[in-house]
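Below is one structure; the comments refer to it alone.
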Amino acid sequence: MTKKPQLEVEVGGIRMKNPVMTASGTFGYGEEFSPFIDLDKLGAIVLKGITLKPKRGNPPPRIIETPSGILNAIGLQNVGVEVLINKKLPYLQKFTTPVIINISGDTLEEYVELARKLDNISQEKGIAGLEINISCPNVQKGGMVWGTEAQLTYKVVNNIRKVTTLPLIVKLSPNVTDIKVIAQAAEEAGADALSLINTLVGMAVDVSLRRPKLANISGGLSGPAVKPVALWMVWQVFQTVNIPIIGMGGIMKAEDALEFIIAGARAVSIGTANLVNPKAAIEIIKGIEEYLVENKIKDINELVGSLKI
Amino acid sequence: MTKKPQLEVEVGGIRMKNPVMTASGTFGYGEEFSPFIDLDKLGAIVLKGITLKPKRGNPPPRIIETPSGILNAIGLQNVGVEVLINKKLPYLQKFTTPVIINISGDTLEEYVELARKLDNISQEKGIAGLEINISCPNVQKGGMVWGTEAQLTYKVVNNIRKVTTLPLIVKLSPNVTDIKVIAQAAEEAGADALSLINTLVGMAVDVSLRRPKLANISGGLSGPAVKPVALWMVWQVFQTVNIPIIGMGGIMKAEDALEFIIAGARAVSIGTANLVNPKAAIEIIKGIEEYLVENKIKDINELVGSLKI
Amino acid sequence: MILNIKVKILSQKEVVPNIYLMKLKAPEITQTALPGQFIHIKCSQDYYPLLRRPISIHRIDKEKGETFILFQVVGEGTKLLSQKAMGDELDILGPLGNGFNIYPQSQKIMIVGGGIGVASLLALAEESIRQGKEVRVLIGALKRELVLGEKSFRSLGAKVDIVTNDGSYKHKGLITNLLEEDIQEGWLPDQIFTCGPKPMLRKIAEIASKVNIDGQVSLEEHMGCGIGACLGCVCKIKTKEKNNNKEEYDYKRVCIDGPVFKASEVIWDD
Amino acid sequence: MILNIKVKILSQKEVVPNIYLMKLKAPEITQTALPGQFIHIKCSQDYYPLLRRPISIHRIDKEKGETFILFQVVGEGTKLLSQKAMGDELDILGPLGNGFNIYPQSQKIMIVGGGIGVASLLALAEESIRQGKEVRVLIGALKRELVLGEKSFRSLGAKVDIVTNDGSYKHKGLITNLLEEDIQEGWLPDQIFTCGPKPMLRKIAEIASKVNIDGQVSLEEHMGCGIGACLGCVCKIKTKEKNNNKEEYDYKRVCIDGPVFKASEVIWDD
Ligand SMILES: Cc1cc2nc3c(=O)[nH]c(=O)nc-3n(C[C@H](O)[C@H](O)[C@H](O)COP(=O)(O)OP(=O)(O)OC[C@H]3O[C@@H](n4cnc5c(N)ncnc54)[C@H](O)[C@@H]3O)c2cc1C
Ligand SMILES: Cc1cc2nc3c(=O)[nH]c(=O)nc-3n(C[C@H](O)[C@H](O)[C@H](O)COP(=O)(O)OP(=O)(O)OC[C@H]3O[C@@H](n4cnc5c(N)ncnc54)[C@H](O)[C@@H]3O)c2cc1C
Ligand SMILES: Cc1cc2nc3c(=O)[nH]c(=O)nc-3n(C[C@H](O)[C@H](O)[C@H](O)COP(=O)(O)O)c2cc1C
Ligand SMILES: Cc1cc2nc3c(=O)[nH]c(=O)nc-3n(C[C@H](O)[C@H](O)[C@H](O)COP(=O)(O)O)c2cc1C
Ligand code: FES
Ligand code: FES
């Protein structure tokens, strides 16, 4: 009988039992998935993007299926940080799994105030880190622009860095000419880790109505369709920065997750897969472990960035 | 019995029987498809990207399948412009369908010289126009960079414009932060039309070998997977420029083509679909005609950009 | 308790053109399933299509532990579903949603189903009758061949009326007219439950509010997760507070706050 | 003439574990098909998988107008193919490629097939024998259960030898050793035709050049179009001119310049 492989990873100061996290917006506030999986088995939980004030979001339809992918335009509907803190976080404190808050803002001030608020109660409410969403394609103001210009990225990250000692994960947009430049800006501004990719901007047309299928016209593309793009960006960024990378984009099974890890991701996030199979994250953890055993790899960390070229 | 709808379109001075073209690199030099379809029925034929000197291309594997898409890294293997002119074009002169040459270069000089050469023999060899590929992700030098910076785009198009009166179609890369800016630069530099999108850069990893699946490491993603991204870019560019747009990216059936036309494409190009179904282009023409009849639209041009928002 | 399980298909047949009735062996589901709830079905083995498809629970047979669904083929997902055969396994998520709310004090129940909307109403009729209510059912269809569930509802002991838009069977015209007639003729229900095309639901909501009786409508929206996590499936629902009597609203999730909503709370724009 | 047609599946069976023999009604194909050619098959109805799959023509029955293919399940496409049943239609493109070139003057033909490589060689043996050649066949497999085509080749009248890597059946060891023995024992073929794993092909190319006889190998590469248009399927083939005796090469298309190449012209790197 072989000894169990070591699955623990550390991402920007956050220690995880395994490298499998849940992607923001696809895992709700965690509780929704407790009927299906033991939340304690996850590497980390990233919550639905939160803003200072509650957000109503975009009109429906908000989700459209495309070949091997989905377009979503939720528009960051969320309960607002107060309700998050008082109603949502307490449930998650029952678990040992690190909880990461995904934050968004229309203005620099909103980002900073939100970060400060969360920093204040992080001990008492058990917040392991913040993921800064500078790449949401589905909101009018702010959103993605922060992630498409290096200076802006530097600015928002740097200002948040000043108000919190929490591990900062910066979530990058794939809708850029050179993601390496943005990644570097985030690193220099004090990010502890990067997560990529957020969704690719896309749209779909109903030819009988001659209308966009999404009420919001455009949406964010995710799912297996985007995996090749996401992998390439992870590999590019891995060769550029020294901070750990959380890879995501179309991970449906263990093999997909392993592709990202081999390409340089220290951890991976499961997104769209949660909408199809609520047990996806757990099955992927199991599959990764099996792969390590078969390939006689003692520690998952040996696999990170092991791509032979 | 209803009168046949009008399918003719004009794209940057090129008159076509219908809006369905073949995408460069997926239709060879045309002749390969003559066993399956009547080349005279196509709107236009765009040939495999050509360079001044013959190009050997990348080592295999060059094509990898991904969910609802393919990654290719051909590396612009081609016979060179001399052989193209003397061996390939004569066959195509037997047909009435406009032939468009897709040109690439490592340097500005190469682009210009290639354009001049083709301009010289365009009458005698029946060349209807040039498609300038400034978006090939699969070659070391040149290639995509021309299409990722507005100034460079302007420069290469403007210099080519000076040496030829042939209709110039500029083929844009989707791997940019804001395709509208590149589109405008091309228009200002004298482009007669734009075609988009070329492939998205991506990669795939073989987890058992821990190697990239493509010998070239990265490749260009095409097929149904990219359609939402392509549609969004066409819609964006349609609202920005005044020259006609050739839409492409994942068009497999008539409905896909109609999505692009409704989003603002004057014509569409069929790419990956040719590799799966050699009759795809013809079937799509038929499907478009049926749609026009059903919806009592007399002229395809009425449909262009008719998206209701 | 929501489950994600694989269940066996016991039978499948095309009951009217392009509409299929499927019987599933799912004791775990029937135990807790309520009328108006739905299951979320993975129709393909792969990514084409990728997402699950929400389908109402049509009938619940607690003794046999069998669940029925009735669905119309409209696209890729339902097409694959219609091609499944007896013995095949189906990956389902459920029971999902809130279901209809039958008030104990209600005596007269009116059930109105348009087209495939009938699918979510049979279990409701069965339960209402079990509770000793007087149940009337109005079934609407485009034409004779497409009338759904007439026998099933009758055999439960409900009074069934049928409307076809083209008059090819029973009453001609709109189902909502028939509803108004019934009410005018004095059969005033305590509750109206309905499912079907949006314009029909909207009209019924108006009728219900006019005679102010409780109306409950089952809504549809494109779904992702089906369990309240992705916020993909929302509809506009009035909030208590109005600001200077302009209707205020929130986006509520059809999958978990619904699919059944109070007719009076739904905002029917577009 | 290359055709894109839908053909009927006449039969399908698993001949050895995970390897299937399928019979197709395809008179249009058999008319012109040559040994060593292949067909390009759309295994799915949809985009999963998207591309066609190249499969060799295993046997050609001109009288009956039937084409056989022999394939191993290795992934999504071949899995779907193995799930097809008698009566199903198959969308194929073919016949494709150049096929093997049997020289008129050849008397002795050696055919070497490793693993599933045997698939492309049966029609070749049949044709060689029809032309009155003396044919020897060497079949290699990992173990007894995986030996392919022994009977079929024998029944044609070829002398058949078998090698299993684990020695569980007939000779133990490597098929290439057996080939060398045959040659040492004086049976020098005029041509060697082979298909199978790359290392085996490479070794056979060496052997053929050592005793300088014509060797022809059937290569495999990932394909797109299958008709020479996309340049996706290339392999390294020596060009005539060397520059200062460094081998010069071009990338040739397996789908149309091949799949059969002169063993002496292939560059076997990686
Ligand atoms: C709560 C609920 C209960 C339902 N119950 C039934 C039922 O009992 N019987 C029945 O026949 N249909 C029912 N529907 C509608 C059914 O879900 C759709 O017809 C089905 O999803 C269409 O999938 P498709 O792939 O065949 O069609 P496509 O048009 O190809 O689907 C494309 C995408 O749009 C979504 N979509 C399309 N139409 C609808 C719709 N009307 N509602 C929600 N999503 C849609 C699909 O889920 C898919 O994501 C119900 C819908 C909801 C929300
Ligand atoms: C000319 C030619 C003739 C062939 N004849 C036969 C035959 O008679 N019997 C048989 O069992 N196999 C044959 N093969 C191999 C067969 O094409 C592959 O096994 C098959 O394509 C695998 O597809 P998949 O989806 O099952 O596997 P996957 O690994 O899922 O395929 C993924 C992608 O890789 C490609 N691919 C994987 N392996 C190969 C390979 N060895 N060669 C080319 N492409 C590959 C697939 O086409 C697909 O595009 C032949 C290949 C070629 C090029
Ligand atoms: C329905 C939905 C909602 C999402 N909401 C958010 C969000 O609030 N914040 C964020 O940073 N990313 C959000 N994302 C992006 C995902 O976190 C993830 O980056 C993306 O979907 C790619 O991963 P996937 O292909 O595995 O889904 C959302 C994605 C989906 C599908
Ligand atoms: C195998 C292959 C080769 C290609 N070669 C070229 C090329 O030489 N020049 C070019 O401009 N685009 C080339 N392309 C891009 C296509 O012309 C097209 O822009 C892209 O594939 C998107 O369309 P599709 O999704 O319909 O394939 C190639 C694409 C493929 C798949
Ligand atoms: S479908 Fe995800 S919240 Fe309703
Ligand atoms: S597969 Fe396209 S050229 Fe060979």
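In what follows, chains carry the letters A, B, and so on, assigned in the order in which the sequence lines appear, proteins first and then strands, with residues in each chain numbered from 1.
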Note to self: Counting neighbours of NZ on C:K62 that are heavy atoms of other residues, nucleotides or ligands and sit closer than 6.0 Å, is the number greater than 12?
What the structure shows: yes
Margin query: Suppose a student defines contact as a heavy atom less than 4.5 Å from any heavy atom of chain D. Which residues in residues 71-100 of chain C would they list?
Written below: none
Note to self: Does anything in residues 29-60 of chain C reach chain D? List residues with heavy atoms under 4.5 Å apart, or say none.
What the structure shows: C:D46, C:Y47, C:Y48
